[in-house]
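Inspection log for the structure reproduced underneath, given as structure tokens.
Since the structure is predicted, the reported quantities are computational estimates derived from the model, not experimental observations. Order of the sequence lines sets the chain letters (A, B, ...), proteins ahead of strands, with each chain counted from 1.
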Protein chains: 2
Amino acid sequence: MNDWVTIVILSTDPMRYPRNHRANTRDTLLRESAALAKREGFAASGVDALARAAGVTSGAFYKHFGGKDALLSAICEAELDATRARFAAIEPGATEQVLRAVDMYLSLAHVQNPAMGCALPALSAEIGRAPEQTRLAFERAFEELIAVIAEKVGAKAVGSALVTQCVGAVTLARALATEGAQRELLQAARRAARAILGAG
Amino acid sequence: MNDWVTIVILSTDPMRYPRNHRANTRDTLLRESAALAKREGFAASGVDALARAAGVTSGAFYKHFGGKDALLSAICEAELDATRARFAAIEPGATEQVLRAVDMYLSLAHVQNPAMGCALPALSAEIGRAPEQTRLAFERAFEELIAVIAEKVGAKAVGSALVTQCVGAVTLARALATEGAQRELLQAARRAARAILGAG
DNA sequence: GTCTATATTCAGATAGAC
DNA sequence: GTCTATCTGAATATAGAC
């Protein structure tokens, strides 16, 4: 029995799962574990729970990711790519379109639905404590996001400041207990976003 | 044996620890567990580790706090009171003093030393997932902090926006891998802080 | 007032059946 | 490719000695 025979046996093994099953499972795992991590926290979510959110077990999880750290790196890339895609359609210099996107970001709906929201307010603090490899993956994806936003607002520093303002406001609003206090904080952030754009 | 007798026995029991030992232990527990939580994350820090940071065991910890949740509430109040105290000395309307404080906050030193830094970038995301009682404690202390800052900058909305900008910038800078990217983000936030103050 | 020891649950990760 | 079962260590919390 040599390697060639082994390869033939593997490639002629009856297909027990549909084509692309592996890729689909990985995508679902990425999407659903990200949603759970954003809602409950990444450290607070066990591998069993992250896998079950995608309808599989931890045994399957470890066939797709090396471990929790590797998952967090993958989540960084996938989530920030998704956030970036939302800004990609805006025309450069279209300030009102940028402000509409900012107002959506700084909404009570976003504050109250972390699972469907941006990864930055939900996961940045944990990413700051993650291994360097994860932070490198984050930095790459973050810089791409900032580059796209910079195109729209004209300057990288303005794009960065807009993002830090938005992320800080959503993060702090979620820590507040009452809707009234949340609304007030978001309102102040919306005004600040306009000041930042105006000073660009 | 009645209650009165019990009270006498307790109050005449030989003192095995110095006066104020209990209060001192509680203060140390609060201070050192907060530092550990800011550095490693609150959820990621076990009760044993939080207690050991203060030089005691988890057995002693539970004589001072009902549990982890109660500790987080206490940390919110103590830490935000400390942050508030740093702004209390600034004179109302002294914009340069405010900007000096903001520049310290938005420094690489602060980004690289979470244990000695502000609790907001380190713990807000986890507070957002904590029980309502903890978020109520947070909201009370946060509103007091904003009130003091509002005095200095003239308007509550300006104070709020300044805080969200600073917290977002430090949180995101910590998630970045390289010092260069961190410096650039902080620099953009410093400029934005001036725009926010100018627009007040 | 604090410690040691422990009960119980749950974490991340792996082996082998199918 | 996924599941079941399991190993090992660590989590929160409590009981009782001193």
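- Checking the phosphate oxygens (OP1, OP2) of D/dA13, a side-chain nitrogen or oxygen of B/Y62 falls inside 4.0 Å.
- In this structure, B/H64 atom NE2 and C/dC3 atom P are separated by 9 Å, rounded to whole Å.
- Nearest to the side-chain atoms of B/S58 among the listed nucleotides C/dC3, D/dA13, D/dT2 stands D/dA13.
- In this structure, CG of B/L71 is placed 13 Å from C1' of D/dT12, rounded to the nearest angstrom.
- Here A/K68 lies in heavy-atom contact (under 4.0 Å) with sugar-phosphate atoms only.
- Atom-to-atom, CZ of A/F61 to C1' of C/dG12 comes out at 10 Å; the value is rounded to the nearest Å.
- Using cut-offs of 30° and 60° for the angle between ring planes, the B/F138 and B/F142 rings count as parallel.
- Note that CD of B/Q97 is 9.0 Å distant from NZ of B/K152, once rounded to the nearest 0.5 Å.
- Regarding contacts with the backbone of C/dT2, a side-chain N or O of B/T25 is found under 4.0 angstrom from either OP1 or OP2.
- Considering only side-chain atoms of B/H21, the nucleotide from C/dC3, C/dT2, D/dT12 that sits closest is C/dT2.
- Atom CG of A/D27 is separated from atom P of D/dG1 by 14 Å (rounded to the nearest Å).
- If you take CD of A/E40 and C1' of C/dC10, they are 15 Å apart, rounded to a whole angstrom.
- DNA chain C is contacted by both B/D48 and A/L50; B/D48 maps to the nucleotide lying nearer its 5′ end (nearest heavy atom per residue).
- Side chain of A/E139 to backbone of B/T178: a donor-acceptor contact under 3.5 angstrom is found.
- Put simply, CZ on B/R52 is 9 Å from P on D/dA11, counting in whole angstrom units.
- When the C1' atom of D/dA13 is taken as reference, atom CG of B/D69 falls 13 Å away, rounded to whole Å.
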B/H64 vs B/R22, test: side-chain contact (heavy atoms from CB on, under 4.5 Å). Steps then yes/no. CA-CA 8 Å; B/H64 290 278; B/R22 178 176 173 82; 3.6 Å; yes
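- The CG atom of B/L50 sits 11.0 Å away from atom CD of B/E32, with the distance rounded to the nearest 0.5 Å.
- Residue B/K63 contributes atom NZ, which lies 9 Å from atom C1' of C/dT2 at whole-angstrom precision.
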